[in-house]
Amino acid sequence: MKERYDPHHIEEQWQRTWEQQKLFQAVEDPKRAKYYLLEMFPYPSGKLHMGHIRNYSIGDVVARYKMMQGYSVLHPMGWDAFGMPAENAALEHKIHPAQWTYDNIAHMRSQLKRMGFSYDWDRELATCDVDYYKWEQLIFIRMYERGLVYRKKALVNWCPECQTVLANEQVEGGICWRCHGEVKKKELAGWFFKITAYVEELLEYCDRLPGWPERVITMQKNWIGKSTGAEVAFPLEDGTGAITVFTTRQDTLFGATFMVLAPEHPLVLELCTGKEQEAEVRAFVERVRRQDLIARTAEDMEKEGVFLGTYCINPLTNARMPLYTANFVLMEYGTGAIMAVPTHDQRDFEFAKKYEIPMIVVIRPPGETLDPALMTEAYTEDGVLVNSGPFDGMENRQAMEAIADYLEEKGIGTRAVNYRLRDWGISRQRYWGAPIPIIYCDRCGIRAVREEDLPIVLPLDVGPKENGASPLPDLRAFVETTCPVCGGAARRETDTMDTFVESSWYFDRYTCPDYDQGPLDRERLQYWMPVDQYIGGIEHAILHLLYSRFFTKVLRDLGMVPFDEPFINLLTQGMVIKDGAKMSKSKGNIVDPEDMIKRYGADTTRLFSLFAAPPEKDLEWQEEGVEGGYRFLHRVWRLVYELRGSLSEGPSPIATADLPPELGEMRHKAHKTIKKVTEDIDRFHFNTAIAAIMELVNHLYQTKDSIEATPRTKAVWQEVVEALVVLLSPFVPHIAEELWEALGHKDSVIKAPWPRYDREAITEEEVIVVVQVNGKLRDRLLIPVSAKEEKVKEMALASPKVRRHIEGKEVTKTIFVPKKLVNIVCA
RNA sequence: GCGAGAGUGGCGGAACUGGUAGACGCACUGGACUUAGGAUCCAGCCCGCCUAAAGCGGAUGGGGGUUCAAAUCCCCCCUCUCGCACCA
């Protein structure tokens, strides 16, 4: 054993050993309980960043810990390898996206290996491999057959920068999630996954995911955005039809005084045609359409609209209601038309004030009356109905039900449910993605590729065009094909799939990455899935996590997977921060993991990222803190080095009972540490687990020189130092292996069973009992645990420090908490 | 505006179900060893009174409450972070 700890000397050596011995190979062993630990796979952007290091260090602790506990562990790694950056790099560096991607994968793979993560590399997959995406194409076809995929022309989110369509989930406040550019609206045909077919189940199962963070669940529920109310038909005055609206406030129906249609609503132009307002309406619609998305949905956007020159009839009051079109009504939600109740909806109120539309109060606040002329804002709270015919005097909550019943009876409307969730648009007008397996035939229409004709291989002999556009539409060899039905000439779809499709099922494929009879090998899938613990960033709270849940349900209904939800437990780790801001190139506050490894080694890098903050919180990267971790590892090394002569050769049984006090104390401390570290890892408190190990090391330093080396001492030292090394191993595996070997072991430390604490060793014989007078700490007493309540109270009262404070006072009460405290209350 | 979470030393953070506030680490200060040390070891390190110690008092964003006892529970307020945001 070397005198000094030298991480560079040992780390790569152990990494080679692990690889050669295939120590982390996952095996489907029916005799053992399985544990599937998964971290979100990375996009191969070039090199690892600190966020990756943190994510994967957290995962590795859990994986190694579970392995040592005897679980059969699956801990895989792979690459989310399709996507835009590869195309950008292609243009910038004149390199093919595939080349760029595979180069990056090679580099990042070596970085991951250099960190010593316990992956089963035999299961590695890259989503841009045909062997992966061909199965995705098969799933697409199955979904198409079931009507879960459809094509439609729609007003979609278009990112001019990325030159592609984005799904709703991929637009954050009008900004592209990837390039942060402004998103426009554009009319375009594309393919959609019918995620709305599963909306109820996705919502319902939110409450059956107790292992997920509350806030992720909340975000998903909000995104799904279920609201219940009614659809009501308002007949047009001229009898030519009706306008249907969705409302959650049917209790305010008697107060609806006008109607508003979204500018994109198909009836807008039809209704104003031939009216004197026509020109004005057309101009308004044009103007709103040109407004960009962000401005139009901004909160402070002035509400404006124009009268269509037409009226509806309120089916309950028979009142005439003018029809408007206005910028604040969205075509995407509900029916694209609303009934407006200015007295009880703030938006309608503002609009009505501006255009001087009549207002009728229909809900009276408790003990008050409202005068529309005097109102300065809408009254949106609960109350009692007025001006509502037969419903007058009813509580509005009840009126919601009563009026819904009434509408259904009269055939005017029905109860209805609305969701914000829209179908998932998956067409991307990009090259570097999985081709959508569809063929257009002039005679037979749109046809799915036949299963036996799969895969539709993405041609690699072309790349993005000079202007960034996809080369596929111009590539005759790709586009020109034959119709699977009539055999005549036909064209291929040239859009590729959203890369979120790949990441929606990769975790399933890890269970059987070599399976060639279909997407998934049921037997192996059944053994491993669902994922026991998933770890990744909060930024996927909706996107990837919602899509994956949806996909799981689809695959279940296609008979491919036998479960409802993919991830039992989810841990969302915080960001890595430097100088108070997220690490980013533009801020210039990047710490490159590569530098950290060069300077301190992988173990120190891992140690700091686990010690500096609990996983779910943001982590501030501090160089001094890293130094501290490095120092600690040196300290551990030196401890083992100095004790190397005082250790026994083999294990020998030890009983706490007959040990001299300082040895008993040492065992006591060691076993308490085992307990603490085990409990802390179980609840992901890695920072306090490491702190506990540090305390043990400090204790050993304090006692080591005062203990004589007798055979019995050696046995205790051996036990304690072994425990120390084993406890450290999930966090800093390389140094642990080296020390484990120095302790005389032939097998890897990962083969050592996770230690169990000895109940007897952690039993306290004496405890410190705190004595308070009127809740203030006055003394601490060392008291045998066996001491009875009366005895302890007696001792407390006898303490001079206590007596000083109760002198001359009357003791009214004494609180006794066994093994903890005595509180003497006096007047 | 709505929803969620968080405010603890100079800093990162501890404190599981109310029971010693500040574990552990960083930074800082002093000492030892040393040719030297930014290596290592030991000690100190919330604030105030006091030369110091003992002692006493104060302290977990602010204010109030419950309790023998509150960082922890309840109410009000302030600040910050995140998510949603004209969703009818």
Side-chain angles (χ1 to χ4, degrees), chain A residues 4 172-173 213-223 225-227 229 245-249 252 256 260 262 296-303 326-330 332-341 345-348 350-351 418-420 538-539 541-542 574-575 577 607-608 611-614 616-629 631-632 634-635 638 676 679-680 683 685 687-695 697-698 701-702 705 768-780 801 804-805 812-817 819-826:
Chain A
R4 269 182 63 84
E172 297 159 351
E214 188 63 39
R215 65 186 194 123
V216 174
I217 293 293
T218 309
M219 282 165 75
Q220 293 220 346
K221 282 184 179 172
N222 285 346
W223 188 259
K226 179 178 183 173
S227 52
V245 304
F246 171 74
T247 180
T248 55
R249 295 298 306 273
T252 63
V260 191
R296 192 174 150 194
T297 53
E299 191 184 2
D300 51 6
M301 186 66 187
E302 171 83 14
K303 289 170 187 44
N327 59 351
F328 71 96
V329 175
L330 309 173
E332 297 87 38
Y333 189 78
T335 61
I338 62 161
M339 66 172 207
V341 184
D345 181 287
Q346 187 57 26
R347 296 156 296 177
D348 301 350
E350 287 168 31
F351 195 82
N418 227 289
Y419 302 91
R420 287 183 40 196
I538 186 77
E539 65 272 18
I542 296 173
M575 291 185 301
I577 303 280
L607 185 68
F608 179 73
F611 178 65
E616 67 281 2
K617 283 219 205 169
D618 287 349
L619 180 150
E620 169 84 28
W621 196 269
Q622 280 182 316
E623 189 76 22
E624 298 86 350
V626 183
E627 292 275 358
R631 217 151 35 215
F632 169 68
H634 275 281
R635 213 166 133 79
R638 216 163 36 240
K676 169 90 175 141
E679 287 168 356
D680 280 355
R683 48 184 197 138
H685 287 208
N687 54 335
T688 51
I690 293 167
I693 299 174
M694 287 173 166
E695 279 189 68
V697 170
N698 290 346
Y701 262 91
Q702 266 152 22
D705 296 330
I768 292 169
V769 169
V770 171
V771 186
Q772 300 179 331
V773 177
N774 287 337
K776 283 204 165 75
L777 176 71
R778 295 304 177 192
D779 201 4
R780 294 160 217 250
K801 291 178 182 174
R804 245 205 319 267
H805 291 93
T812 52
K813 195 168 23 166
T814 315
I815 310 288
F816 175 72
V817 181
K819 297 190 218 175
K820 283 238 167 85
L821 122 169
V822 174
N823 187 10
I824 299 161
V825 186
C826 47

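Computed from a predicted structure; not experimentally measured. First the proteins, then the strands, lettered A, B, ... as listed; each starts at 1.
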I'd like a table of atom pairs between the protein and nucleotides 63-73 of chain B - only N or O on both sides, under 3.5 Å - with the distance next to each one.
residue: B/rC68; atom: OP1; partner: A/Lys813; partner atom: NZ; Å: 3.3
residue: B/rC68; atom: O2'; partner: A/Asn823; partner atom: ND2; Å: 3.2
residue: B/rC68; atom: O2; partner: A/Asn823; partner atom: ND2; Å: 2.7

Which dot-bracket string describes RNA chain B (Watson-Crick N1-N3 plus N6-O4 or O6-N4, or G-U N1-O2 and O6-N3, all under 3.5 Å; [ ] crossing; | other strand)?
-> (((((((..(((......[....))).(((((.......))))).((((.....))))..(((((..]....))))))))))))....

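With values rounded to the nearest 0.5 angstrom, A/Phe328 atom CZ is found 5.0 Å from A/Asp348 atom CG. A/Leu607 contributes atom CG, which lies 11.0 Å from atom CG of A/Asn687 (distance to the nearest 0.5 angstrom).
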Would you check, one step at a time, whether the test side-chain contact (heavy atoms from CB on, under 4.5 Å) holds for A/Arg347 with A/Val329?
-> CA-CA 10 Å; A/Arg347 296 156 296 177; A/Val329 175; over 6 Å; no

Decide yes or no on side-chain contact (heavy atoms from CB on, under 4.5 Å) for A/Glu627 and A/Gln622, but give the supporting numbers first.
-> CA-CA 9 Å; A/Glu627 292 275 358; A/Gln622 280 182 316; over 6 Å; no

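When the C1' atom of B/rC87 is taken as reference, atom CE of A/Met339 falls 15 Å away, rounded to whole Å. Rounding to whole angstrom units, CG of residue A/Asn327 and P of B/rC87 are separated by 13 Å. We find that CG of A/Asp680 is positioned 11 Å from P of B/rC16, with the value rounded to whole Å. Between the CG atom of A/Asp345 and the C1' atom of B/rC86 there is a distance of 9 Å, rounded to whole Å. Residue A/Trp621 contributes atom CH2, which lies 17 Å from atom C1' of B/rC11 at whole-angstrom precision. Look at CD1 on A/Ile217: it is 15 Å from P on B/rA4, rounded to the nearest Å. Look at CZ on A/Arg420: it is 14 Å from P on B/rG83, rounded to the nearest Å. In this structure, CG of A/Leu777 is placed 13 Å from P of B/rG58, rounded to the nearest angstrom.
Other residues, nucleotides and ligands place no more than 12 heavy atoms under 6.0 Å from the NZ atom of A/Lys819.
For A/Arg420 and A/Asn222, the side-chain atoms include no donor-acceptor pair closer than 3.5 Å.
Using a 4.0 Å heavy-atom cutoff across all strands shown, A/Asp348 reaches no nucleic acid atom at all. A/Arg215 comes within 4.0 angstrom of the backbone, heavy atoms only, and of no base. The residue A/Thr812 sits apart from the nucleic acid: no heavy atom pair falls under 4.0 Å.
In this structure, the side chains of A/Arg215 and A/Ile538 come closer than 4.5 Å at one or more pairs of heavy atoms. The closest side-chain heavy-atom distance from A/Lys676 to A/Thr688 is below 4.5 Å. Proximity of A/Val697 to A/Arg635: side-chain heavy atoms (C-beta onward) are separated by under 4.5 Å at one or more points. Side chains of A/His805 and A/Asn774 form no contact here, defined as non-hydrogen atoms less than 4.5 Å apart.
Comparing atom distances between the A/Arg804 side chain and each of B/rC86, B/rU40, B/rG55 picks out B/rG55 as nearest.
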Using a cut-off of 4.0 Å between protein heavy atoms and nucleotide atoms, how would you tag nucleotides 22-38 of chain B 5' to 3' with B, S and -?
-> -BBSSS-----------

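Separating the P atom of B/rA71 from that of B/rC77 is a span of 22 Å, rounded to the nearest Å.
More than 90° away from 0 lies the glycosidic angle of B/rG5, which makes this nucleotide anti.
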